[in-house]
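First the structure, in the form of structure tokens, and then the observations on it.
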2 protein chains.
Amino acid sequence: MTFVKGISVIEKNSRFLLTCFSIFFVLKVKEKLIKHLTQTITLTNEEAVIVGNSFKERHLEKKEVLLFAGEISSHMQFIAEGCLRAYYMDEEAKEHIVQFGIEGWWVNDLYSYLTKTPAKQFVQALEKSTVLQINHDTLNILYKEVPAIERFFRLKFEKAYVAFQERTLDVMSKTAEERYLEFRTKYRDIEQRVPQYMVASYLGITPEFLSALRKKMR
Amino acid sequence: MTFVKGISVIEKNSRFLLTCFSIFFVLKVKEKLIKHLTQTITLTNEEAVIVGNSFKERHLEKKEVLLFAGEISSHMQFIAEGCLRAYYMDEEAKEHIVQFGIEGWWVNDLYSYLTKTPAKQFVQALEKSTVLQINHDTLNILYKEVPAIERFFRLKFEKAYVAFQERTLDVMSKTAEERYLEFRTKYRDIEQRVPQYMVASYLGITPEFLSALRKKMR
DNA sequence: CTTCTTTCTTAATCCACCTTAAGATTATTA
DNA sequence: TAATAATCTTAAGGTGGATTAAGAAAGAAG
């Protein structure tokens, strides 16, 4: 084979092309983040560059785990591409999905991140995915360099809080059917991309019962 | 009667005593707050005075409502004495208790406070109570004057977030009996002070079923 | 002390949702 | 292409918890 002695011309060319493609891809990924941020806050061009440089790109294979329960979550992470879930495992080793996320969302065990205590949740890719991560300390520095970023995250945390509050009340006061209907209208794009048994887990019911619900509603 | 023409000597004396008592009482109430704060943060004497002056005392009769759903929650409030509940009312006018609070706790519709949107919850006194309130804007000023206070509230908000996360997971993955047992060990002091049907509401079950559970466990 | 209100209990009936188990589809991978 | 794994469906029987209705206790108020 040619590459026993070195790298063939074809090989060289394809590596070159791959590199070009990668650079192009990296730019596009960070642009997604900036676009996302500027939907809420205003950034100058210089600030956008600083922000972009503070994030690191991470690629995940399907089923790859980004955060394990027990670890301390040390990054905030923006989903540039793909689909992830945050779930927790009870004493009987049953999984309970807490949150899904797709492009443009943030996933994390926020409590672990905020308090620097071991995570109770796993965060796992459900598809081949790309996330942009910023380290806890780096973010604290960035808060000072780009104050608008602090505003952005304060709003993010507040929204995270209310989202949980709403979920708690829903689980306590609504039937599984009501919750499923709400899920379908609110997260139609997510429903298409994740297996049904995970939707069931998110809703707090068994896959069999969700199947029965769907049949009834048809 | 003597007080048709003015105030009798006895009347005058009792007013005087009442005033003395009130001042004494006010001091004690604010001291409770300072003691509470200094369990988490450090305050100089001067800072403690500034903080104390930023809070206003409010007395509530049993059943009096401190915050109505629909209003915008504009204060953080510390319970110095008594017992309150935060609850929300569903479409069928059923009440769902979100949180209890006694001396040393904070109660609020935090989302309304943080986002300045109309509250979804009511906050009501379950006993004659005393709360210490600080206005949103006053607190923002205080953050600058006494930085340790900002730290205190950041930690408070983080704890509020995790408390909700834990409750959501509990409601989703545990039986009513498990949740009741947990409630008893975690909030034994609260269980003694609130009616059983409110404990049921907090747990997301009917009072009848809670009664049955208690009978079974006896 | 009596009356009214609030709170708690009991019991019968009913429904939402779970469990188990098996088969049917649909993806993955060899 | 076959084989294995992952996912979805169906059906029978079981259970947790709701609903309704009635009465018992315990407070609060006149």
Side-chain angles (χ1 to χ4, degrees), chain A residues 60-65 82-83 85 87 90-97 100 124-128 168-184 190-218, chain B residues 61-65 82-83 85 87 89-97 100 124-129 169-184 190-218:
Chain A
L60 299 163
E61 290 308 313
K62 183 173 180 173
K63 294 194 183 178
E64 194 175 340
V65 174
C83 181
R85 63 166 177 157
Y87 64 97
D90 68 19
E91 312 79 44
E92 296 148 40
K94 274 185 198 164
E95 295 176 3
H96 300 269
I97 297 182
F100 290 114
Q124 185 195 36
L126 300 178
E127 304 171 356
K128 205 165 189 245
T168 307
L169 297 179
D170 280 1
V171 172
M172 279 178 58
S173 66
K174 291 185 177 164
T175 67
E177 186 171 1
E178 287 170 328
R179 273 177 279 144
Y180 178 50
L181 281 169
E182 205 175 305
F183 178 80
R184 291 190 77 165
I190 288 183
E191 195 193 0
Q192 320 295 0
R193 284 166 71 166
V194 307
Q196 221 167 274
Y197 73 89
M198 289 198 184
V199 174
S201 170
Y202 178 85
L203 295 174
I205 59 178
T206 59
E208 292 87 347
F209 188 60
L210 178 55
S211 178
L213 272 184
R214 288 164 56 87
K215 183 182 176 189
K216 186 181 128 194
M217 289 164 61
R218 228 180 279 141
Chain B
E61 290 307 312
K62 183 171 178 173
K63 294 193 181 178
E64 193 175 339
V65 174
C83 180
R85 63 166 177 158
Y87 63 98
M89 205 173 267
D90 69 17
E91 314 78 45
E92 296 149 40
K94 275 186 197 162
E95 294 175 4
H96 300 269
I97 296 183
F100 290 113
Q124 184 195 34
L126 300 178
E127 304 171 358
K128 206 167 189 243
S129 305
L169 297 180
D170 281 0
V171 172
M172 278 178 58
S173 67
K174 292 185 177 165
T175 66
E177 186 170 0
E178 287 170 328
R179 273 177 278 145
Y180 178 51
L181 280 169
E182 205 176 306
F183 178 79
R184 289 189 78 164
I190 288 182
E191 195 193 0
Q192 319 296 359
R193 283 166 73 166
V194 306
Q196 220 166 275
Y197 72 90
M198 288 196 185
V199 174
S201 170
Y202 178 86
L203 295 173
I205 59 177
T206 59
E208 292 86 350
F209 188 61
L210 178 54
S211 178
L213 270 184
R214 287 164 59 86
K215 184 182 174 188
K216 185 182 128 195
M217 289 164 61
R218 228 180 280 144

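Computed from heavy atoms alone, side chains included, the values below leave out hydrogens, waters and symmetry copies. To find a chain, count down the sequence lines: A is the first, B the second, and so on, and within it residues start at 1.
Taking 4.5 Å as the limit, some side-chain heavy atom of B:L126 sits within range of a side-chain heavy atom of B:F100.
Checked for salt-bridge contact, A:K94 and A:D90 miss the test: no charged N lies under 4.0 Å from a carboxylate O.
B:E191 places its CD atom 16 Å from the P atom of C:dT7, with the value rounded to the nearest Å.
The salt bridge (Lys or Arg N to Asp or Glu O under 4.0 Å) check on B:R85 picks up B:E95, with sequence neighbours excluded.
In terms of heavy-atom proximity, B:S129 sits nearest to B:G82 at OG-CA, 3.4 Å. When all heavy atoms of A:L210 and A:A200 are compared, the closest pair comes out as CD2-N, 3.7 Å. Residues B:I97 and B:S201 come closest through the heavy atom pair N-OG, 2.9 Å.
Note that the CZ atom of A:F209 and the CG atom of A:L203 stand 10.5 Å from one another [nearest 0.5 Å]. The line from CD of B:E91 to OG of A:S173 is 6.5 Å long, rounded to the nearest 0.5 Å. Taken to the nearest 0.5 Å, the CE atom of A:M198 stands 13.5 Å off from the CZ atom of A:R193. From A:M172, atom CE reaches atom CD1 of B:I205 across 10.0 Å, with rounding to the nearest 0.5 Å. Put simply, CZ on A:R179 and CG on A:D170 are 8.0 Å apart, with the number rounded to the nearest 0.5 Å.
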Start with the C-alpha distance between A:K128 and A:E61, add both sets of side-chain angles, then the distance that settles side-chain contact (heavy atoms from CB on, under 4.5 Å), and finish with yes or no. CA-CA 5 Å; A:K128 205 165 189 245; A:E61 290 308 313; 3.4 Å; yes
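Residues in residues 199-214 of chain A take part in these salt bridge (Lys or Arg N to Asp or Glu O under 4.0 Å) pairs, two or more places apart or across chains: A:E191-A:R214.
Note on the helix from C:dC1-D:dG30 to C:dA22-D:dT9: angle between the axes of the first and last five pairs equals 40°, rounded to 10 degrees.
Using a 4.0 Å cut-off on heavy atoms, the residues of residues 194-202 of chain A that approach DNA chain D are A:P195, A:Q196, A:Y197, listed by number.
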Going 5' to 3' through nucleotides 11-30 of chain C, assign each nucleotide B (protein heavy atom under 4.0 Å from a base atom), S (under 4.0 Å only from sugar-phosphate atoms) or - (no protein heavy atom that close). S-----BSBB-------S--
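Close approach of DNA chain D to chain A, defined as any atom under 4.0 Å from a non-hydrogen atom of the protein, starts and stops at D:dT7 to D:dA11.
Where B:K63 and B:R214 each meet DNA chain C at their nearest nucleotide, the meeting point lying more 5' is that of B:K63.
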